[in-house]
Number of protein chains: 2
Amino acid sequence: MKIGKIFKHLRKSKHITLQEAGQGIVSTPFLSRFENGLTDISFTHLLELLNRINVQLSEFEFLYQRQNTDNNDQLPNFQRAYQAGDVKKLQEYLLVWQKRKGKFAQLQAIQLKMMLVTLGKGKVSKRELSVLTAYFQSINNWTFFELYLFGHAILFLKVPVMLNLFKELQKKELIYEDFRNDNFSMLFYIYNNVILRMLDERFLDTAETLVTKLEKYFKDQDKDYYHRTRLFNLKGLTLYLKGQKKIGLSLIKKANLITYLTDHEESFLWNERAYLKKYLTPKELDTVFDFSDSGY
Amino acid sequence: MKIGKIFKHLRKSKHITLQEAGQGIVSTPFLSRFENGLTDISFTHLLELLNRINVQLSEFEFLYQRQNTDNNDQLPNFQRAYQAGDVKKLQEYLLVWQKRKGKFAQLQAIQLKMMLVTLGKGKVSKRELSVLTAYFQSINNWTFFELYLFGHAILFLKVPVMLNLFKELQKKELIYEDFRNDNFSMLFYIYNNVILRMLDERFLDTAETLVTKLEKYFKDQDKDYYHRTRLFNLKGLTLYLKGQKKIGLSLIKKANLITYLTDHEESFLWNERAYLKKYLTPKELDTVFDFSDSGY
DNA sequence: CATATTTTTAACCTATATGCAACTTTTTAT
DNA sequence: ATAAAAAGTTGCATATAGGTTAAAAATATG
């Protein structure tokens, strides 16, 4: 309940008086009590007040979340532990969520299990996968929560089921057109995983359609060099597998070159190389990772 | 006051009943009334409810803002008109804000004037600049609003004044360490403008210090290819002007090459070239924009 | 189609968000 | 240093957010 305190801090740092801040929105005495944690405030009034002192809700939220470390904001915690490969922590989270009841608790638990499997621990049962599938099929408005869940589920679902769900997602995805960065990254991650899966199963035409779809996204996204680069890579591999080896390899090399030039952490290119081993000949592999002719 | 409606939409699309959604937070009848716009809701309760249905506040805010087009959300409107070079629209905004009173209205008006000057229309008086300076000096907690304002003011302020304010900003900037994308872009934009201004005025050491500072930022920001690329460019120009011509040109060329490889809109490189004309010889200019040896 | 579940509405009630006036504290000015 | 002004706080009044119960209306389910 430190909301008021944060607001007070922001207001004071901009040298705005209670009167100025509240004028026409709430009374001075009330604002004072709110700032000192003696009363709650309505959402509408808070929005108006933030607008008055020129603070974005996202900024306010950021400061708010930062103070509530003990908070119920599960996703970031999951993500952190998962990206760090912290199996132990993920197992702890799993125990917590398995104890809780309700639909979402179950989904969270399954998500944690999938993460653990990816890290080489435990397994996911068929029943759990069908719970997942049923859930996705029932949802007609995907938010970050579902995107995140689906992103992890791609490798576990059977191809036709997965593709079917993905088609559902595509129908709704217009919502995310100019969405904030978080969700776009997640959406790209999903596309990336789906395309790789398609290539692996040799559904080459489907993969190509998806690549084309992604390309449209980037017409107006000039500055998103990273995702553009990854897309070169996806397109290259797709064309390569479809028989257009020369142009395919050229695109893959281009992606690698950009990655190399931007000084992306070395292990990233190693992983790329390890992955491409599955498809390319050793000679081709050497070519697409040879940057000596670039001058850098 | 469509907040409730949005919540209802999200809840229904996830097939959650009022009872499930409200359980332990608010009563079912109340939630119903809220969803149908018959009553307001406290900020805390809304946060809890959103968490219950697994929707991020940022997602909710996005949907909310999208519906309120007539809203008081000035910044995005400004930005859109400015980036589109829409002088007429900016002049309309200016008239609106000049009529309003209060400190912020005045600042908004000055900001619009600066935008117009950059686009070649109108001018900013000395008195207005001193109002700006006074404001910046008084603020000890910069939010997006101030960052945005300062970003546009850099070209108008006298160097010592500008540098002084910038130093103040640097002291506070830790707040933005892992800030959401919007603000980081703005912060980079400011650094970029300050460094270019420093180079222009031949404060080469200051420029170099700032470049070094920015480099630290990108140690953990592997995936931000775009800003990394821009940084190569800044560093290159700085080193070039400091006499390390060879390594400087090499960095500038690298930045241009990445920009070229990622298919960034053509006009971007033209602008770069036009800008560099001020510093480089025609021969050097040709070299750093020659990508024929890259193979693409 | 009928039945079960969910949602809405209503009436009345309580808790609390918010306003107003008087008060205390802090800042500013002389 | 002291008065004047501005900013912030407290006590009390009131509007409204929110609860309880129950019944009607709408939706889902079989």
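Letters A, B, ... mirror the listed sequences (proteins, then strands); counts begin at 1.
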- Protein-proximity profile, nucleotides 16-22 of chain D, B/S/- by nucleotide at the 4.0 Å heavy-atom cutoff, equals -SBBBB-
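The side chain to side chain donor-acceptor pair (under 3.5 Å) check on A:Asp205 picks up A:Lys242, with sequence neighbours excluded. For B:His9, the side chain to side chain donor-acceptor pair (under 3.5 Å) criterion is met by A:Asn141, not counting sequence neighbours. Checked against salt bridge (charged side-chain N to carboxylate O under 4.0 Å, His left out), B:Glu201 has the following partners two or more places apart in sequence or in another chain: B:Arg197.
Taking five base pairs at each end of the helix from C:dC1-D:dG30 to C:dT30-D:dA1 and finding the rotation axis that steps the C1' atoms of four pairs onto the next four gives two axes whose angle is 60°, to the nearest 10°.
Residue B:Ser32 places no side-chain N or O under 4.0 Å from the OP1 or OP2 atom of C:dT7. Contact annotation: B:Arg11 side-chain N/O to C:dT6 OP1/OP2 distance is not under 4.0 Å. Using a 4.0 Å cut-off, some side-chain N or O of B:Lys8 falls inside it from OP1 or OP2 of C:dT8.
Between the side chains of B:Thr143 and A:Lys14, a donor-acceptor pair is found at a separation under 3.5 Å.
Between the NE2 atom of B:His15 and the P atom of D:dT29 there is a distance of 9 Å, given to the nearest Å. Straight-line distance from the CD atom of B:Glu20 to the P atom of C:dT7: 9 Å, rounded to whole Å. Here the P atom of nucleotide C:dA21 and the CD atom of A:Gln19 are 14 Å apart, to the nearest Å. Between the CG atom of B:Leu18 and the P atom of D:dA25 there is a distance of 19 Å, rounded to whole Å.
Note that CD of B:Glu146 is 8.5 Å distant from CG of B:Leu107, once rounded to the nearest 0.5 Å.
Ring orientation note: the planes of A:Tyr217 and A:Phe184 are nearly perpendicular, at an angle over 60° on the 30°/60° scale.
Ring pair A:His45/B:Phe43: centre-to-centre distance not below 6.0 Å.
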Result block: side-chain N/O donor-acceptor pairs under 3.5 angstrom for residues 122-129 of chain A, not counting sequence neighbours:
{"residue": "A:Ser125", "atom": "OG", "partner": "A:Glu128", "partner atom": "N", "Å": "3.2"}
{"residue": "A:Ser125", "atom": "OG", "partner": "A:Glu128", "partner atom": "OE1", "Å": "3.2"}
{"residue": "A:Glu128", "atom": "OE1", "partner": "A:Ser125", "partner atom": "N", "Å": "2.9"}
{"residue": "A:Glu128", "atom": "OE2", "partner": "A:Lys113", "partner atom": "NZ", "Å": "2.7"}

